[in-house]
Amino acid sequence: MSILRVREIEMGYTETGRGTAVALLHGFPFNRSMWSEQLEALKGSHRVIAPDLRGHGETTVTDDAATMEEMARDVAALLDELKIERAAVGGLSMGGYVALAFCRLFPHRVRALILADTRAGADTEEARRGREELAQRALSEGMEAIADQMLPKLFAPATLVDKPLVVERVRRMIPDTNPVGAAAALRGMAVRRDQKSLLPEISSPTLIVVGDEDALTPPSEAEALHRGIRGSRLVSINGAGHVSNIERPTEFNSALTDFLGSLEP
Ligand code: MLT
């Protein structure tokens, strides 16, 4: 693990391997450790950078709404520090919102795009209210309460029954997130812009991945991304829920390596 000062924050990140750069952006309220199987799968062929986004893991917590644009600028500044001009940029869920914001702000830096278990649309009013309630709960009751609330919705039913170690790993990640950082991310997600009009502008090769039992960002969202982004590839992962890369790493990695392998050098 390394830490670099970028913009006004300290940013924790893991870097492995050599070759074409790939930046992997985690979901909420997790940290870069959610990508450990993907780092392992890619380290022989790619230079992978997995940062902790603002307010998560080892990265500085800021208490204003952490917008998707702010997080995307942090990632761009980290890539600058690492002398990486262009990268394949991938994100799961909130990481996908950040990847789309990155794409809008820095299109020339996106070698390819990977959108996993995410959506292009903004929050509804009801979703915004739910986020504010969750933010208040994180601040008043702590992250264990957030883990209890979120956990059942994160996985496919079969994962909850058959893969207790996977469920435990994800449960342990949540209390590692600072409640102030979590509240800032929730408030940032609540005000995120609708990115649907960006989709036809995206010219980078794009992979869209979704767990076929994702209850939070269901396959219909992935299909909408696929329809919106010309030439994109859609892979649905059987028996996976919202954290498809952790629930079904073999299938997820094979989609990822096939896609990255198909890119021209
Ligand atoms: C995530 O996994 O990053 C979150 O579920 C995203 C969201 O709440 O919209």
Side-chain angles (χ1 to χ4, degrees), residues 9 25-31 34 52-57 59-75 91-105 115-155 170 173-199 202 208 210-211 213-225 227-229 241-244:
I9 61 169
L25 313 179
H26 63 80
F28 170 88
F30 310 128
N31 58 59
M34 69 167 277
D52 286 333
L53 297 171
R54 183 178 282 252
H56 298 74
T59 295
T60 305
V61 173
T62 48
D63 55 8
D64 290 339
T67 64
M68 304 302 101
E69 284 74 18
E70 198 72 10
M71 291 188 190
R73 289 186 198 281
D74 295 340
V75 173
L92 183 133
S93 199
M94 179 180 78
Y97 309 156
V98 178
L100 283 171
F102 188 99
C103 223
R104 193 170 52 75
L105 292 169
L115 298 171
D117 299 283
T118 193
R119 59 162 61 83
D123 275 4
T124 60
E125 268 313 313
E126 190 190 346
R128 283 194 187 120
R129 277 196 298 277
R131 292 216 196 266
E132 187 50 35
E133 279 166 25
L134 202 62
Q136 298 290 349
R137 189 150 191 225
L139 294 170
S140 61
E141 295 175 41
M143 294 306 287
E144 289 285 353
I146 302 305
D148 289 342
Q149 182 167 335
M150 287 187 72
L151 223 59
K153 295 182 220 136
L154 289 173
F155 304 102
V170 174
M173 242 188 279
I174 298 176
D176 281 348
T177 303
N178 182 302
V180 176
L186 284 162
R187 290 169 177 156
M189 286 192 280
V191 297
R192 76 184 189 283
R193 68 166 65 206
D194 187 327
Q195 301 276 23
K196 290 200 282 286
S197 63
L198 171 75
L199 304 182
I202 295 176
I208 298 154
V210 66
E213 296 183 54
D214 183 342
L216 293 179
T217 44
S220 56
E221 297 286 359
E223 283 152 19
L225 286 166
R227 279 195 304 277
I229 305 177
H242 187 57
V243 280
S244 58

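Keep in mind that the numbers below use all heavy atoms, side chains included, and drop hydrogens, waters and symmetry copies. The structure displayed is predicted, hence computed values, not measured ones.
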With side-chain contact (heavy atoms from CB on, under 4.5 Å) as the test, would you mind laying out the steps for Leu225 and Thr118 before giving the verdict?
-> CA-CA 9 Å; Leu225 286 166; Thr118 193; 4.1 Å; yes
Going through the distances and angles, do Leu100 and Leu199 end up as a side-chain contact (heavy atoms from CB on, under 4.5 Å)?
-> CA-CA 9 Å; Leu100 283 171; Leu199 304 182; 4.2 Å; yes
Should Met173 and Asn31 be marked as a side-chain contact (heavy atoms from CB on, under 4.5 Å) after you check the CA-CA gap, both sets of side-chain angles, and the distance that decides it?
-> CA-CA 7 Å; Met173 242 188 279; Asn31 58 59; 3.5 Å; yes
side-chain contact (heavy atoms from CB on, under 4.5 Å) between Tyr97 and Met189, intermediate numbers included = CA-CA 8 Å; Tyr97 309 156; Met189 286 192 280; 3.6 Å; yes
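For the side-chain hydrogen bond (donor to acceptor under 3.5 Å, both in side chains) with Asp123, the lone residue among Arg128, Arg131, Arg129 that qualifies is Arg131.
Here the CZ atom belonging to Arg119 is positioned 11.0 Å from the CG atom belonging to Asp194, to the nearest 0.5 angstrom. Atom-to-atom distance recorded for Leu53:CG and Phe28:CZ is 12.0 Å, nearest 0.5 angstrom. Rounding to the nearest 0.5 angstrom, the gap separating the OG1 atom in Thr59 from the CG atom in Asp52 is 4.5 Å. Between the CD1 atom of Ile229 and the CG atom of Leu198 there is a distance of 7.5 Å, given to the nearest 0.5 Å. Note: Leu134 CG to Leu186 CG = 5.0 Å, rounded to the nearest 0.5 Å.
Here the closest heavy-atom approach between residue Thr62 and residue Ala184 is recorded as O-CB, 3.3 Å. Across all their heavy atoms, Leu115 and Ala99 have their closest contact at CD2-CB, 4.2 Å. Ala138 and Pro179 get closest at one heavy-atom pair: O-CB, 3.4 Å. Met143 approaches Ala182 most closely through the heavy-atom pair CE-CB, 3.6 Å. When all heavy atoms are compared, the tightest approach of Ser244 to Gly211 is CB-N, 4.0 Å.
Residues in residues 175-187 take part in these side chain to side chain donor-acceptor pair (under 3.5 Å) pairs, two or more places apart or across chains: Glu132-Arg187.
With hydrogens and angles ignored, the 3.5 Å screen pairs a side-chain donor or acceptor of Ser140 with a backbone N or O of Gln136.
Side-chain N/O atoms of His242 and Asp214 include a donor and acceptor closer than 3.5 Å. For the 3.5 Å distance criterion, the side chains of Asp117 and Ser93 fail to qualify, holding no donor opposite an acceptor.
The residues Arg54 and Asp74 are annotated as salt-bridged, a charged nitrogen and a carboxylate oxygen being separated by less than 4.0 angstrom.
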Pairs under 3.5 angstrom only: tabulate donor-acceptor contacts from the side chains of residues 63-73 to other protein residues two or more places apart or in another chain.
unit_1, atom_1, unit_2, atom_2, d
Thr67, OG1, Glu70, N, 3.0
Glu69, OE2, Arg104, NH2, 2.8
Glu70, OE2, Arg7, NH1, 3.4

Under 3.5 Å donor-acceptor pairs involving side-chain atoms of residues 144-155, not counting sequence neighbours:
unit_1, atom_1, unit_2, atom_2, d
Asp148, OD1, Arg171, NH1, 3.3
Asp148, OD1, Arg171, NH2, 3.0
Gln149, OE1, Arg137, NH1, 2.5

